[in-house]
Amino acid sequence: MTDNELGELANAVSVQVEPVYHAQESSTAQQRYVFSYTVTLRNHSSRSVQLLTRYWKITQGSGKVQEVRGKGVVGKQPLIEPGKLFRYTSRAVLDGPVGVMQGCYTFIDTRNQRSFEVPIAPFRLAIPHQVH
């Protein structure tokens, strides 16, 4: 498999993120703002792929940056077959009402064991009606 083919495979895995603010678990007095985010990974390719690792860069409204790296997601390294999807929900706790997350997933093509990265476009975490 050429680098070009790996690039095409990376483009064939889509990432969609839906964040939700949890007011009942948050506290402005304690500067604790709780968000969940549901990620849907879709494999539009003709090959099975497996998610190995994740990398997140979380930039809070205060300017504080946190980086998170680890194996898989929510304790799993899912195998996503052609035309299938994998969905999971995770959480982030911020010190302010606004933040941005972005990152990437590292996958392998299960046929030849070559790895490739799929970027996660920046998405906003913000309490409803926040102007930032």
Side-chain angles (χ1 to χ4, degrees):
M1 176 172 258
T2 67
D3 288 341
N4 241 11
E5 290 171 316
L6 277 177
E8 288 174 13
L9 189 54
N11 289 333
V13 177
S14 66
V15 179
Q16 179 184 4
V17 183
E18 298 173 35
V20 175
Y21 173 63
H22 295 277
Q24 69 281 5
E25 298 176 50
S26 299
S27 168
T28 55
Q30 295 176 358
Q31 294 184 314
R32 176 182 162 84
Y33 298 84
V34 180
F35 297 87
S36 66
Y37 53 93
T38 299
V39 179
T40 303
L41 302 166
R42 283 189 171 81
N43 181 1
H44 301 282
S45 79
S46 61
R47 296 171 173 256
S48 293
V49 298
Q50 184 173 14
L51 190 153
L52 295 181
T53 64
R54 72 185 181 288
Y55 164 74
W56 287 109
K57 179 180 177 183
I58 305 164
T59 305
Q60 304 202 35
S62 65
K64 178 180 171 186
V65 175
Q66 179 183 1
E67 294 187 354
V68 179
R69 298 175 195 276
K71 283 188 173 183
V73 291
V74 294
K76 299 177 182 177
Q77 291 181 310
L79 176 68
I80 309 172
E81 296 179 9
K84 301 294 183 183
L85 65 83
F86 177 79
R87 181 175 288 135
Y88 74 94
T89 300
S90 193
R91 299 165 65 84
V93 179
L94 304 184
D95 61 11
V98 177
V100 175
M101 289 181 66
Q102 63 188 28
C104 69
Y105 295 115
T106 301
F107 285 85
I108 59 165
D109 175 347
T110 59
R111 188 179 304 163
N112 62 22
Q113 301 300 302
R114 291 211 39 206
S115 65
F116 61 95
E117 288 191 349
V118 174
I120 306 162
F123 62 94
R124 193 169 181 251
L125 301 172
I127 65 173
H129 312 296
Q130 190 68 23
V131 180
H132 281 274

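Side-chain atoms are counted along with the backbone in the values below, which use heavy atoms only and exclude waters and symmetry mates. Numbering starts at 1 and runs along the sequence shown.
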Distance in Å, [X] [atom1] paired with [Y] [atom2], rounded so as to fall on 0.5 Å steps:
| X | Y | atom1 | atom2 | value |
| --- | --- | --- | --- | --- |
| S62 | D95 | OG | CG | 4.0 Å |
| S26 | R32 | OG | CZ | 7.0 Å |
| E81 | S46 | CD | OG | 13.0 Å |
| M101 | Q60 | CE | CD | 10.5 Å |
| F107 | N43 | CZ | CG | 8.0 Å |
| Q102 | F123 | CD | CZ | 9.5 Å |

Taking the side chain as C-beta and beyond, is there a heavy-atom pair between [X] and [Y] under 4.5 Å?
| X | Y | value |
| --- | --- | --- |
| V39 | V15 | yes |
| R87 | L41 | no |
| V73 | S90 | no |
| T28 | Y33 | yes |

Practice item. State, without any angle test, whether E67 and Y55 hold a side-chain donor-acceptor pair at a distance under 3.5 Å. Key: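 A pair is found: one side chain offers a donor N or O, the other an acceptor, under 3.5 Å apart.
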**Study point:** Donor-acceptor pair between S36 and T89 side chains, under 3.5 angstrom
**Key:**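 The criterion, which ignores hydrogens and geometry beyond distance, is not satisfied for T89 and S36.
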[X] versus [Y], closest heavy-atom pair with distance:
| X | Y | answer |
| --- | --- | --- |
| T106 | S115 | CG2-CB, 4.2 Å |
| A126 | F35 | N-CE2, 3.4 Å |
| P128 | Y21 | CD-CD2, 3.6 Å |
| P19 | L125 | CB-CD2, 3.5 Å |
| F116 | I108 | CE2-C, 3.9 Å |
| I120 | C104 | CD1-N, 3.5 Å |

Exercise for review: Would you indicate whether Q77, at its atom CD, is surrounded by more than 12 heavy atoms from other residues, nucleotides or ligands within a distance under 6.0 Å?
Suggested key: yes
Practice item. Indicate, with yes or no, if V74 and V68 share a hydrophobic cluster defined by side-chain heavy-atom contacts under 4.5 Å among Ile, Leu, Val, Met, Phe, Trp and Tyr. Key: yes
Review point. What do the steps show when you test R42 against Q16 for side-chain contact (heavy atoms from CB on, under 4.5 Å), and what is the final call?
Key: CA-CA 9 Å; R42 283 189 171 81; Q16 179 184 4; 3.6 Å; yes
**Study point:** Worked verdict on D109 versus R47 for salt bridge (Lys or Arg N to Asp or Glu O under 4.0 Å)
**Key:** CA-CA 7 Å; D109 175 347; R47 296 171 173 256; 2.6 Å; yes
Practice item. For a side chain to side chain contact (heavy atoms under 4.5 Å, CB included) with I58, tell me which candidate from V65, V100, L94, V93 qualifies. Key: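 Testing each of V65, V100, L94, V93 against I58, the sole residue satisfying side chain to side chain contact (heavy atoms under 4.5 Å, CB included) is L94.
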Exercise for review: Among V118, L85, L51, find the residue that satisfies the side chain to side chain contact (heavy atoms under 4.5 Å, CB included) test when tested with V13.
Suggested key: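 Testing V13 for a side chain to side chain contact (heavy atoms under 4.5 Å, CB included) against V118, L85, L51 leaves exactly one candidate, V118.
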Check your understanding: Are the side chain of R124 and the backbone N or O of G99 linked by a donor-acceptor pair below 3.5 Å?
Key ->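 Looks like no, no N/O pair under 3.5 Å.
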Review point. With no hydrogens and no angle check, is any side-chain donor or acceptor of Q113 less than 3.5 Å from a backbone partner on T110?
Key: yes
